[in-house]
There are 2 protein chains.
Amino acid sequence: MRAVETMTGHPNPHPAATPHDAGTIPDRIFSLLREAIIEGDIAPGSKISEPELARAYGISRGPLREAIGRLEACGLVVRRANVGARVVKMSSTQLLEIFHVREALEGMAARLAAQNMSAAEIAELRALLDQHGEQIDRDTGHAYFQREGDLDFHYRIVQGSHNQRLVELLCNDLYHVVRLYRYQFGMPSKRGPRAFVEHGHIVDAIERRDPEMAELMMRAHIRASRENVERLLKEHQTQG
Amino acid sequence: MRAVETMTGHPNPHPAATPHDAGTIPDRIFSLLREAIIEGDIAPGSKISEPELARAYGISRGPLREAIGRLEACGLVVRRANVGARVVKMSSTQLLEIFHVREALEGMAARLAAQNMSAAEIAELRALLDQHGEQIDRDTGHAYFQREGDLDFHYRIVQGSHNQRLVELLCNDLYHVVRLYRYQFGMPSKRGPRAFVEHGHIVDAIERRDPEMAELMMRAHIRASRENVERLLKEHQTQG
DNA sequence: CAGATTAGAATTGTCGACAATACTAGCGGC
DNA sequence: GCCGCTAGTATTGTCGACAATTCTAATCTG
């Protein structure tokens with residue numbers, strides 16, 4: 001198994017485990033740049049210099065341009081003709097837009113998951129949830145949940161929908177943007193334990209094979225998260 | 001049959017109205033190839049030969065490759081390393097997957113449209129609907145509705161959501177794929193008049209500024225369309 | 001001194017050529 | 001006659017160089 005072993009102490013770090021050394025050069029560079037952008041190694045709003053990066057990675061500009069093109073397709077950089085690419089600087093409105101899209105797509109994913117997940121998959125999902133529960137008991141849980149653990153859970157459900165297009169939209173594009181915003185905004189929300197409870201309701205509904213309820217719970221979960229962010233943004237705005 | 005500009009008297013004809021001669025070469029080629037693929041000028045499953053197309057369009061392989069990359073991002077072609085790109089041949093399962101995604105996204109779009117559309121936008125939407133009504137009275141309406149008119153309507157509502165990410169997902173990617181499947185499958189459904197009525201319910205809800213109802217009606221509309229396709233697929237499968 | 005202008009440098013867009021990989025046809029062996 | 005191998009061909013992947021455009025900054029003018 002390839003995977004991103006050197007990243008953290010965690011056994012299976014997180015959803016973005018895309019191999020960094022497989023296939024063609026654009027593939028590799030795309031993964032590297034994506035990670036660099038998401039984790040803030042390349043500052044938001046900063047320019048992507050083709051000659052510079054080409055030298056840095058020891059490649060030509062051809063493959064690099066293809067990689068940048070894919071970053072643009074993912075919404076991680078914006079490009080203007082004859083000017084170049086810049087790392088996106090997410091605005092609060094863009095952030096809220098993403099929450100609406102997630103509410104719609106992941107709600108549907110939960111519905112389909114309740115219909116299509118195999119018993120084995122559901123068991124694994126339950127196990128993951130239990131594991132999160134222990135994690136929450138140990139530390140106060142904020143750190144883990146606010147980072148990759150939460151996405152791990154959502155990732156599984158999307159996979160469980162068995163809808164390939166949904167998987168690509170969410171796992172290959174949107175979740176990376178979500179991680180980007182978490183690094184850029186870095187809000188210290190206390191929603192960890194609350195979110196854990198909501199995750200529990202979702203798994204319950206899936207186990208009961210109740211698509212309607214699964215979708216409702218997922219949408220409520222994401223909506224609550226959005227409203228929490230809206231509140232934080234307003235506070236941050238007023239109090240400076 | 002170049003573009004559908006002459007369709008209506010409206011200033012902005014229909015969703016696919018992307019200028020074919022603006023900006024850089026990849027932009028132009030991308031639009032051209034996309035249209036060629038969607039309308040079936042390039043057969044489904046056929047190979048995209050880089051040298052051949054480069055000669056045909058009188059350009060180099062560099063810009064062409066970038067255009068192909070974007071087609072891949074839209075899901076119109078599939079690419080394998082060292083092998084090349086082929087036009088997607090849509091399976092029935094992929095088709096149904098898209099309906100589920102549309103149900104989720106467009107449901108949300110309708111909800112947001114009911115909240116965010118300006119009075120002027122709503123008036124235009126109503127006008128468009130009336131115009132479709134006349135069209136239905138004139139011919140029996142199947143042809144028009146089954147083609148681009150239906151997408152025009154959906155396009156407007158997505159725009160009315162005022163959610164940029166939703167607009168990009170649906171108008172720049174998914175709707176083109178929907179058009180592709182309509183050319184590939186070409187099902188003669190008699191849903192035209194029925195769909196018109198459903199469109200009316202959606203506009204009613206938006207005029208009443210009722211987001212919940214707008215979403216419900218939109219989802220019901222797309223679900224009905226999906227179930228219709230499922231039925232047709234099953235018939236087509238059994239009777240040969 | 002402020003603002004517009006213009007020459008210069010740097011970056012992006014495009015091209016043709018080379019290298020690496022995959023497909024094809026022909027041959028030999030079983 | 002069928003299967004596996006091999007050499008040849010064609011296509012994709014990658015590179016370095018040239019053309020077109022944009023940004024910079026130094027100069028000139030009011």
Side-chain angles (χ1 to χ4, degrees), chain A residues 2 18-37 41-89 172, chain B residues 18-34 36-37 41-89 172:
Chain A
R2 229 27 285 152
T18 309
H20 283 196
D21 60 345
T24 81
I25 293 183
D27 290 333
R28 205 182 72 226
I29 301 298
F30 169 64
S31 279
L32 286 171
L33 282 179
R34 183 172 62 183
E35 214 61 22
I37 289 173
D41 295 343
I42 305 177
S46 68
K47 191 159 162 28
I48 305 275
S49 168
E50 292 183 8
E52 184 183 335
L53 281 180
R55 268 196 308 276
Y57 288 113
I59 60 170
S60 180
R61 276 179 51 218
L64 178 62
R65 280 173 67 83
E66 183 169 333
I68 293 176
R70 292 196 215 170
L71 290 174
E72 187 191 18
C74 290
L76 291 175
V77 305
V78 288
R79 235 167 113 184
R80 274 176 25 187
N82 292 316
V83 173
R86 309 190 84 89
V87 177
V88 292
K89 217 170 60 182
N172 292 347
Chain B
T18 309
H20 283 196
D21 59 347
T24 81
I25 294 183
D27 289 335
R28 206 183 71 226
I29 302 297
F30 169 64
S31 279
L32 286 172
L33 283 179
R34 184 172 60 183
I37 290 173
D41 296 342
I42 306 178
S46 68
K47 190 161 161 29
I48 306 276
S49 168
E50 292 183 8
E52 183 184 335
L53 281 180
R55 267 196 309 277
Y57 288 112
I59 59 170
S60 180
R61 277 180 50 219
L64 178 62
R65 281 173 66 83
E66 182 168 334
I68 294 176
R70 292 195 215 170
L71 290 174
E72 187 191 18
C74 290
L76 292 175
V77 306
V78 288
R79 237 166 108 180
R80 274 177 25 189
N82 293 316
V83 173
R86 308 189 85 87
V87 178
V88 291
K89 217 171 58 185
N172 293 347

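On the nucleic acid side, DNA chain D has its first and last nucleotide under 4.0 Å of a heavy atom of chain B at D/dT11 to D/dT14, going 5' to 3'.
Applying the side-chain hydrogen bond (donor to acceptor under 3.5 Å, both in side chains) test to B/Arg55 and every residue at least two apart in sequence or in another chain returns nothing. Residues passing the side-chain hydrogen bond (donor to acceptor under 3.5 Å, both in side chains) test with A/Arg79, sequence neighbours excluded: B/Glu66. The salt bridge (charged side-chain N to carboxylate O under 4.0 Å, His left out) search around B/Arg86 returns none, not counting sequence neighbours. Residues satisfying the side-chain contact (heavy atoms from CB on, under 4.5 Å) test with A/Asn82, not counting sequence neighbours, are none. Under the side-chain contact (heavy atoms from CB on, under 4.5 Å) criterion, B/Ser60 pairs with B/Pro63, not counting sequence neighbours. Taking the side-chain contact (heavy atoms from CB on, under 4.5 Å) definition, one finds that A/Ala43 meets it with A/Ser46, sequence neighbours left out.
You'll find the side chain of A/Phe30 stays beyond 4.5 Å of the side chain of A/Ile68, heavy atoms only.
Other residues, nucleotides and ligands contribute more than 12 heavy atoms inside 6.0 Å of the NZ atom of A/Lys47.
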What string of B, S and - do you get for nucleotides 5-12 of chain C 5' to 3' if you count protein non-hydrogen atoms under 4.0 Å?
------SB

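In this structure, B/Ile42 CD1 and B/Leu53 CG are separated by 6.0 Å, a value rounded to the nearest 0.5 Å.
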Show me the donor-acceptor pairs within less than 3.5 Å that the side chains of residues 71-78 of chain A make with the rest of the protein, sequence neighbours left out.
none

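Relative to the axis of its first five pairs, the axis of the last five pairs of the helix from C/dC1-D/dG30 to C/dC30-D/dG1 sits at 10°, rounded to 10 degrees.
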